[in-house]
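In this text, all values refer to a predicted model and were calculated from it rather than measured experimentally. Naming convention: chains lettered A, B, ... in sequence-line order (proteins, then strands); numbering from 1 in each chain.
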There are 2 protein chains.
Amino acid sequence: MDCSEKVCFNMLMRPESPTFSPLYRQIKNLMLNALESAEWRPGQAIPSEQELALRFNASQGTVRKAIDEMAAENLLVRKQGKGTYVASHNDPRALFRFLRLVPVDGDLAHPQSVPLDCWKAKAGNEAARMLGVELGAPVTILRRLLKFAGRPVVIDEIYLPGEIFHGLTMEVLQGAHGSLYSLFESRFGVRMIRAEERIRAVAADRMTSESLGVAEGTPLLSVERVTYTYGDRPVEWRRGLYSTAEHYYLNELS
Amino acid sequence: MDCSEKVCFNMLMRPESPTFSPLYRQIKNLMLNALESAEWRPGQAIPSEQELALRFNASQGTVRKAIDEMAAENLLVRKQGKGTYVASHNDPRALFRFLRLVPVDGDLAHPQSVPLDCWKAKAGNEAARMLGVELGAPVTILRRLLKFAGRPVVIDEIYLPGEIFHGLTMEVLQGAHGSLYSLFESRFGVRMIRAEERIRAVAADRMTSESLGVAEGTPLLSVERVTYTYGDRPVEWRRGLYSTAEHYYLNELS
DNA sequence: GAGTGGTCTAGACCACGGT
DNA sequence: CCGTGGTCTAGACCACTCA
């Protein structure tokens with residue numbers, strides 16, 4: 001039986017089977033594949049619930065539940081009366097979706113990303129572990145400044161697997177507008193969907209203090225981020241140093 | 001018509017009405033009331049979906065959708081085959097639900113809360129604003145240490161509205177086991193459901209450095225938290241100073 | 001076995017966006 | 001007007017828990 005697209009009948013996935021999962025989750029997985037294989041691209045509409053129900057041989061309600069979960073995970077965006085769309089970092093509302101830094105004086109203007117350096121290297125011990133690549137595998141490293149209202153607030157050092165981000169250069173960075181992730185998505189087909197941040201307090205070293213315009217030794221937030229794409233594959237490791245004189249890191253707990 | 005319990009028929013809540021909301025959301029609100037009024041208490045089971053469907057005069061599916069949302073917000077916990085329960089900070093898995101600090105060496109032992117001080121005062125400017133009370137209103141202030149594996153890592157200063165936490169003393173604190181929030185829930189009937197944290201990097205002052213056993217001037221995380229109970233009422237304001245020598249603040253972004 | 005939540009279906013109607 | 005997602009219903013069957 002062809003299980004590549006049509007969902008295998010429940011009989012094949014019943015509790016006896018160790019790989020059992022409910023129908024809506026099997027459908028969700030097939031839809032994740034469609035995203036990962038770029039059958040459905042960021043910003044585009046996916047087929048209607050009716051069409052998907054036919055394609056997956058299930059009821060509309062079941063497809064709906066799969067879409068619900070994916071919408072809750074910010075993978076899809078529903079628009080009543082229009083359709084369901086693949087989420088995109090180009091969407092103005094998602095431009096700096098992972099940035100939690102907020103100005104003390106509620107100045108909502110978007111920050112500006114200023115590339116400083118970009119070079120190729122071989123993955124060291126830590127980078128290899130974080131990115132899940134071999135020791136010595138090619139990586140691209142870039143440094144950039146984040147400015148709020150023209151003033152530098154964050155300096156980032158970003159490690160990317162060279163395989164995936166082949167052709168990333170200063171020219172490309174300087175020609176880009178918007179966030180890095182929208183560039184990654186448009187130009188390299190890599191969509192960031194989830195991240196983990198590990199935060200510490202550190203003292204500014206000489207170089208950093210100059211870049212951020214603060215005194216040497218000033219306490220800064222050290223924010224290490226590992227970012228994942230579909231299938232929980234890590235595709236970015238970065239370390240940011242945040243000046244919190246006029247900004248704070250805002251986190252909602254629930 | 002009596003709208004106090006039975007859901008008003010849809011006719012009364014149709015789009016023409018400015019207060020329109022779908023039936024499952026009206027039901028959700030009624031269920032929130034049941035939580036807020038302590039009709040259903042933390043740790044206890046709420047009525048079955050069938051019973052609720054009868055009570056609210058809706059189908060099981062609609063009640064289900066209301067419960068789904070509340071479960072997603074960590075207000076309720078579903079247990080297949082048993083029932084749906086009101087979430088509780090006494091639940092071992094939720095004991096330090098809002099604490100994001102993690103040891104570098106994955107030591108999963110729960111931290112220990114050590115009360116230092118507890119006194120009454122009048123709300124100053126900032127406390128009044130954060131807690132949404134009048135300037136000069138009674139507040140209870142407490143300071144405590146959080147220890148991981150016996151070593152102090154966090155020092156907290158916590159502001160509570162005196163009205164709500166009447167009778168909170170050092171004796172009560174010392175007699176408590178588990179987290180502060182489980183004490184607040186059991187003893188004062190206040191359930192914390194959501195919080196916002198604002199994080200900065202600061203240098204340890206003299207007193208703090210001694211409490212945490214670090215050098216004066218060491219960079220620390222300053223974590224200001226406002227915590228809300230049902231109806232988005234702020235009921236706690238605290239400032240924590242976190243030593244990040246052997247721990248980090250972990251945040252999942254999605 | 002009785003009762004609970006979990007999944008799946010089929011069909012009705014509504015609200016919204018575009019033609 | 002049509003097609004989209006959003007809500008609501010009624011009923012069937014499954015999986016889990018406990019007495």
Side-chain angles (χ1 to χ4, degrees), chain A residues 6-31 40 43-72 75-87, chain B residues 6-31 40 43-72 75-87:
Chain A
K6 300 287 182 200
V7 170
C8 301
F9 286 120
N10 289 340
M11 299 315 296
L12 298 183
M13 284 294 202
R14 269 328 186 196
E16 305 84 39
S17 164
T19 57
F20 167 73
S21 71
L23 185 52
Y24 73 87
R25 227 171 257 285
Q26 298 174 42
I27 291 175
K28 183 182 170 187
N29 278 331
L30 292 174
M31 293 177 65
W40 302 332
Q44 293 181 345
I46 70 171
S48 75
E49 297 181 351
Q50 273 302 341
E51 288 177 271
L52 291 172
L54 289 177
R55 167 163 161 182
F56 296 133
N57 194 30
S59 77
Q60 192 194 10
T62 302
V63 169
R64 202 173 169 70
K65 188 149 183 176
I67 296 179
D68 279 344
E69 283 201 359
M70 297 173 73
L75 298 176
L76 299 176
V77 179
R78 294 174 170 289
K79 296 185 185 174
Q80 182 172 127
K82 299 188 66 177
T84 302
Y85 294 77
V86 181
Chain B
K6 300 286 182 201
V7 170
C8 301
F9 286 120
N10 289 340
M11 299 316 296
L12 298 183
M13 284 294 202
R14 268 330 184 195
E16 305 85 39
S17 164
T19 58
F20 167 74
S21 71
L23 185 51
Y24 72 86
R25 226 170 258 286
Q26 299 174 43
I27 291 175
K28 184 182 169 186
N29 278 331
L30 292 175
M31 293 178 65
W40 303 333
Q44 292 180 344
I46 70 172
S48 75
E49 296 180 352
Q50 273 302 340
E51 288 177 272
L52 290 172
L54 288 177
R55 167 162 160 182
F56 296 133
N57 194 32
S59 77
Q60 192 194 11
T62 301
V63 169
R64 202 172 169 71
K65 187 148 183 177
I67 296 178
D68 279 344
E69 283 201 0
M70 296 173 73
L75 298 176
L76 299 176
V77 179
R78 295 173 169 289
K79 296 185 186 175
Q80 182 172 130
K82 299 187 68 176
T84 302
Y85 294 76
V86 181

Short side-chain N/O contact to D:dG3 OP1/OP2 from A:Ser48, under 4.0 Å: no
A:Tyr24 OH - C:dG5 C1' separation (whole Å): 12 Å
From CG (A:Leu52) to OG1 (A:Thr62), nearest 0.5 Å: 12.0 Å
Contact under 4.0 Å: A:Ser59 side-chain N or O vs C:dA10 OP1/OP2: no
B:Gln50 CD - D:dT9 P separation (whole Å): 12 Å
Nearest to side-chain heavy atoms of B:Leu23, which nucleotide of D:dC8, C:dT9, C:dG5: D:dC8
Considering only nitrogen or oxygen atoms on both sides, find all protein atoms under 3.5 Å from nucleotides 17-19 of chain C and state each distance.
unit_1: C:dG18; atom_1: OP1; unit_2: A:Lys82; atom_2: NZ; d: 3.4

Side chain proximity check, B:Asp68 to B:Arg78, heavy atoms < 4.5 angstrom: yes
Length of the line joining A:Ile46:CD1 and D:dG3:P, which is rounded to integer Å: 19 Å
Separation of atom CG in A:Asp68 from atom C1' in D:dG6, rounded to whole Å: 10 Å
Nucleotide C:dC8, atom C1' - distance to CZ of A:Phe56 in whole Å: 16 Å
Whole-Å distance separating the NZ atom of A:Lys79 from the P atom of C:dC16: 16 Å
Value rounded to 0.5 Å, distance of OG1 in B:Thr84 from CH2 in B:Trp40: 9.5 Å
Short side-chain N/O contact to C:dG5 OP1/OP2 from B:Thr84, under 4.0 Å: yes
Euclidean distance, B:Tyr85 OH relative to B:Ile46 CD1, rounded to 0.5 Å: 10.5 Å
Interatomic distance, A:Glu51 CD vs D:dC2 C1' [rounded to whole Å]: 14 Å
Short side-chain to backbone donor-acceptor contact, A:Gln26 and A:Ser21, under 3.5 Å: yes
Straight-line distance of B:Leu23 CG to B:Asn57 CG, nearest 0.5 Å: 8.5 Å
Any A:Arg64 side-chain N or O less than 4.0 Å from OP1/OP2 of D:dG5: no
Nucleotide D:dA12, atom P - distance to CD of B:Gln60 in whole Å: 13 Å
Five-pair end axes of the helix from C:dG1-D:dC18 to C:dG18-D:dC1, angle between them (10°): 10°
Contact summary for A:Ala66 and A:Met31, nearest pair of heavy atoms: CB-SD, 4.3 Å
Closest non-hydrogen atom pair between B:Ala53 and B:Ser59, with its separation: CB-C, 3.9 Å
Distance, nearest 0.5 Å, that separates CD1 of A:Ile27 from CZ of A:Arg55: 11.0 Å
